[in-house]
Amino acid sequence: MTDDLVQLLAVQDLDTTITQLQHRRAALRESSGLAVVERELAALDAERADATARRAVLTATQKDLEQQIAVISERRSAIEQRMYASTSSSGRDLQAMNDEVRHLTDRRAELEELELVAMLDQDPIDAELAALRERAAPLEERATELRRHVAGDQSEIDAALGEAVTARAAAAALLPIALSDRYETLRARLKGTGAARLVGTHCDGCHLELSSGEVEKIRALPPGEAATCEQCGRILVPA
Ligand SMILES: [Zn+2]
């Protein structure tokens with residue numbers, strides 16, 4: 001094995017390390033359990049939003065009824081004042097005003113009844129919201145703790161990634177351009193692995209066994225000449 005092929009395997013190993021670190025980093029939220037907790041919290045949030053919306057409808061109804069009641073009360077007071085102040089009204093006018101007062105009193109009682117219902121209907125929703133808050137509290141705590149862990153793991157991985165990327169750039173700079181180009185082309189096509197070791201009679205890129213004739217041919221190649229795995233097409237370096 002010549003220095004170039006040793007160097008190529010070093011680049012491949014660093015590329016593999018970098019890919020593994022990137023995958024580990026991307027999977028941290030799932031692997032730490034944070035993703036599960038966040039999904040549970042999101043579900044509780046949706047329930048809370050639903051309950052809050054139902055409560056808002058009742059509050060709006062209550063407010064609307066209160067306004068209607070206020071208008072009716074004002075109108076009734078005005079009529080009553082006119083009745084008590086009036087000396088000139090006819091008996092018929094007084095009777096009409098009396099009827100109107102009675103009608104407004106009944107209407108107000110009806111609206112007050114509806115207002116009470118709107119108020120009482122809010123109680124179970126308030127209980128629901130309190131229960132949701134109670135269920136969310138320990139989950140929020142757990143999420144905070146997990147986020148701290150994830151952030152810690154992320155900075156560890158980032159440090160390792162930084163080192164690997166620097167080492168990779170230095171190692172890749174030493175490769176002959178033709179070999180480097182061939183490696184990059186294969187790597188792009190073959191899931192990140194462009195160079196593999198010949199371990200015994202196996203290619204460790206595709207894990208398939210090579211014929212003994214093929215193995216002999218590869219081992220007999222002049223130093224520095226890169227072989228190709230006939231199964232997967234990767235650059236094959238005798239280990
Ligand atoms: Zn192979």
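In this text the structure is predicted, and so the values were computed from the model without any measurement. Every number for a ligand or one of its atoms is a count from 1 in the order of the listing. Residues: numbered from 1 along the sequence shown.
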Residue R75 excluded, over 12 heavy atoms near CZ under 6.0 Å
no
Fill in: Check: E184/S180 side-chain N/O donor and acceptor closer than 3.5 Å
no
**Asked** Does CD in E145 sit with more than 12 non-hydrogen atoms of other residues, nucleotides or ligands closer than 6.0 Å?
**Response** yes
Side chains of residues 147-158: which donor-acceptor partners sit under 3.5 Å, not counting sequence neighbours?
residue	atom	partner	partner atom	Å
R147	NE	E38	OE2	3.1
R147	NH2	E38	OE2	3.1
S155	OG	A151	O	3.0
S155	OG	G152	O	3.1
D158	OD1	R25	NE	2.7
D158	OD2	R25	NH2	3.0

Between S73 and R108, do the side chains contain a donor N or O and an acceptor N or O under 3.5 Å apart? yes
Open item on the list: Looking at R197 and D13, is any side-chain nitrogen of the basic one under 4.0 Å from a carboxylate oxygen of the acidic one?
Closed with: yes
Within the 2.8 Å cut-off the protein N, O or S neighbours of the Zn ion (ligand 1) are C203 SG, C206 SG, C229 SG, C232 SG
